[in-house]
Amino acid sequence: MVQDEKVAADGADEQMLGADEKLAERRDEVKFIKGDQQNGDAKIDIGNPNGKQAFTGMSKEELMKYANDPFWVRLRWIFFVCFWAIWVGMLVGAILIIVGAPKCAAPQPLPWYKRGVHAKFGSLDDASPKDINVVEKLQAAGAIYELPAALTYQVKERNVEAQIKELVDHYKNSDVRVILDLTPNIMSKDSRLVKEALTDVTKRDAFVWVNGAGAAEPTNWLKVGGNRTAWEKVGDSYVLSQFDDGFYDLKMNNSLVRQEFGDVLQHLIGLGVHGFRLKNTKFFMLTPNLADEDVSTFPKDLNSDVSSYGFYNHKRTAFQEGLGDVLYDYLSIVKNASADAFLSVAEDIIRPSAYEISNAGPLGIDLPIYGRFVHTLSSPLPNENVQLSLNQTLEMGKGWLQWDFGVVEAKPKIHHSAIALFMSLLPGVPVVPANSFMYNEVSAQTYTNIELLRKSPSYMHGEIKMYSADPLVAYSRQRIKSGNPGYFVLLNPTDQPVKGNFVDVHDLPDKMTVLHVSDDYLNNNATKVQVKAKFGIAELELEPYSTVILTYVPVKAE
């Protein structure tokens, strides 16, 4: 009895009860098998103790019955053939996809008008076969000539057409394209459209023509840059003439003018002209409601008065809303006539935002001109920072620029070749006047070097990155692809030798090879830096007012 109480106290009966309940839930078949009669033993068979049916597969003898069965033999052969047929099909399909897939198109080179230097000459009347010598020294891609304003709408006349054809023929044996500077917003009073407007009132919509204005001028508008009224009396009417006497202003957004100037552009392209730079673009649109100009808050000339053009802000006659759309319309005419042609401006647009296409953002022209960077390099204002000026110009991001080398002074502190070489790899096209110091003071070899640099894939398809090394100004041009070298351009805009003290140059190698130096560099170089010599960035000392271009193998990002 004592033993039984101990078992009960240990809770064994509860454990047995739980086990019985589990057995009851499983409902396994229990069999009692009679054992030895002498000892009264018996065996209990409770089925599968794991609660699962044991798998009983076919024996070898049973399987062998089907090994040679015709049905199963045929089925195995069918599966075997299908497997290899599918495998071969996938292989052939993969090969066809690889062979037939369209190849990745090679990056297109920059169009000609973005790639090379442009040589700028004078009037079309002064064109000469000797101009080809200037083009050859500059290794230019385009030659710019100015078509006199009086001839803009007379290009279909026989003598004018012959003059343009002769100019195009000067360059027919070279890769140089002819570019014309046009003045389309004014028309001579001797032109056909003006004569028609005198008798046909509907043709007067092309001009700012005020009928029956009386004795007083319609507004206080003055000649551009002058001190006389901009209105010319024609019979009992007034016609706007902001520029030269005998020329009337056109409304470039007028349908009649669009037809006239569109025909001019298409005809010139047919004659072999490949580019156009427009003058006076900020005056292409005028306020629809005539009103007096307001006095400027910041007049350019503090001594000016009400009779001076600079006394007013010109919000009625310049930079009108929709200017970018009007220019884009003419750009479309040019592109539809020739995808190889371009349309740009001949002057600083001053306000790039005014030239934007509505609701789009990009400008309505190719190759704008804006920013002070060229002026800063040539003749910086007091305390003007070269690096800051460059950053501000590039950050505007309004397309591929024209760098007007015509504003460079005769004797800038920085040598002319240093300016040309430093700007050679910036995103833009140098425009070099044939009579400028940038042409006369820079060697032909330097312009040959610039041409080779601008044709490189690293320039045409690479990225530009600025580097901080005050007072040095530096940037790189590189394209991370096998066989394309990177370029590192440094300018010292100070009057003292300066060693590189760069930060954040982890993407540049420790050693680089000197590729080009400005023309005056070797003459003044105390450290005797030679072309093809290797230098570390921190070791290279730049002479005052000089430029060095180094080349290197781009470092691939990990």
Side-chain angles (χ1 to χ4, degrees), residues 110-115 118 142 144 146-147 149 152-153 177 179-187 206 208 224 242-243 249-269 273-288 314-371 393-404 427-429 431:
L110 290 175
W112 67 271
Y113 55 86
K114 290 184 176 181
R115 190 166 57 243
H118 292 177
I144 303 171
E146 182 173 352
L147 184 69
T152 301
Y153 293 95
R177 272 84 162 184
I179 305 166
L180 290 182
D181 283 355
L182 305 177
T183 311
N185 70 312
I186 58 176
M187 182 177 283
V208 185
V224 174
Q242 293 189 93
F243 298 90
D249 287 47
L250 292 166
K251 294 184 289 188
M252 298 302 294
N253 57 332
N254 179 267
S255 59
L256 287 173
V257 178
R258 184 189 185 280
Q259 181 65 42
E260 289 283 334
F261 188 51
D263 288 346
V264 169
L265 293 172
Q266 291 173 336
H267 188 69
L268 289 173
I269 290 175
V273 179
H274 282 78
F276 307 96
R277 302 197 320 160
L278 307 184
K279 303 180 72 174
N280 300 336
T281 53
K282 68 179 181 180
F283 301 103
F284 273 22
M285 295 179 63
L286 302 165
T287 180
H314 312 295
K315 290 184 178 180
R316 314 289 184 187
T317 56
F319 299 114
Q320 295 297 299
E321 184 177 356
L323 175 59
D325 295 331
V326 172
L327 288 166
Y328 183 73
D329 193 21
Y330 291 112
L331 175 64
S332 300
I333 293 174
V334 170
K335 295 297 184 182
N336 289 335
S338 173
D340 199 32
F342 78 94
L343 182 137
S344 184
V345 293
E347 301 153 337
D348 191 334
I349 63 177
I350 302 173
R351 302 180 192 174
S353 59
Y355 288 73
E356 294 176 358
I357 303 171
S358 298
N359 304 319
L363 301 181
I365 53 173
D366 298 311
L367 305 179
I369 307 173
Y370 61 78
T393 302
L394 296 180
E395 285 171 2
M396 297 178 75
K398 295 298 181 182
W400 207 261
L401 302 179
Q402 293 182 69
W403 302 114
D404 184 10
V429 180
V431 178

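- Between Phe283 and Ile186 the shortest side-chain heavy-atom distance does not fall below 4.5 Å.
- For the pair Asn336/Gln266, no side-chain contact is recorded, criterion being any heavy-atom separation below 4.5 Å from C-beta on.
- Inter-residue side-chain proximity for Phe284 and Leu278 is flagged as met; some heavy-atom pair is nearer than 4.5 Å.
- Using a 4.5 Å cut-off on side-chain heavy atoms (C-beta onward), Asp263 and Tyr153 make no contact.
- Not a single salt bridge (Lys or Arg N to Asp or Glu O under 4.0 Å) links Asp249 to another residue, sequence neighbours left out.
- Evaluation of the ring pair (Phe, Tyr, Trp, His ring centres under 6.0 Å) rule for His274 yields no partner, not counting sequence neighbours.
- Taking 4.0 Å as the cut-off between side-chain N and carboxylate O, Glu356 and Lys398 count as a salt-bridged pair.
- Side chains of Arg351 and Tyr370 form no contact here, defined as non-hydrogen atoms less than 4.5 Å apart.
- In this structure the side chain of Ile365 never reaches within 4.5 angstrom of the side chain of Thr281, judged on heavy atoms.
- A donor-acceptor pair is defined here as one N or O able to donate and one able to accept, closer than 3.5 Å; such a pair exists between the side chain of Gln402 and the backbone of Val345.
- Residues that satisfy the ring pair (Phe, Tyr, Trp, His ring centres under 6.0 Å) test with Phe261, not counting sequence neighbours, are Tyr330.
- Between Val334 and Asp366 there is no side-chain heavy-atom pair separated by less than 4.5 Å.
- Few gaps surround CZ on Phe243; more than 12 heavy atoms of other groups in view lie less than 6.0 Å from it.
- Side-chain contact check for Ile350 versus Phe319: some heavy-atom pair is nearer than 4.5 Å.
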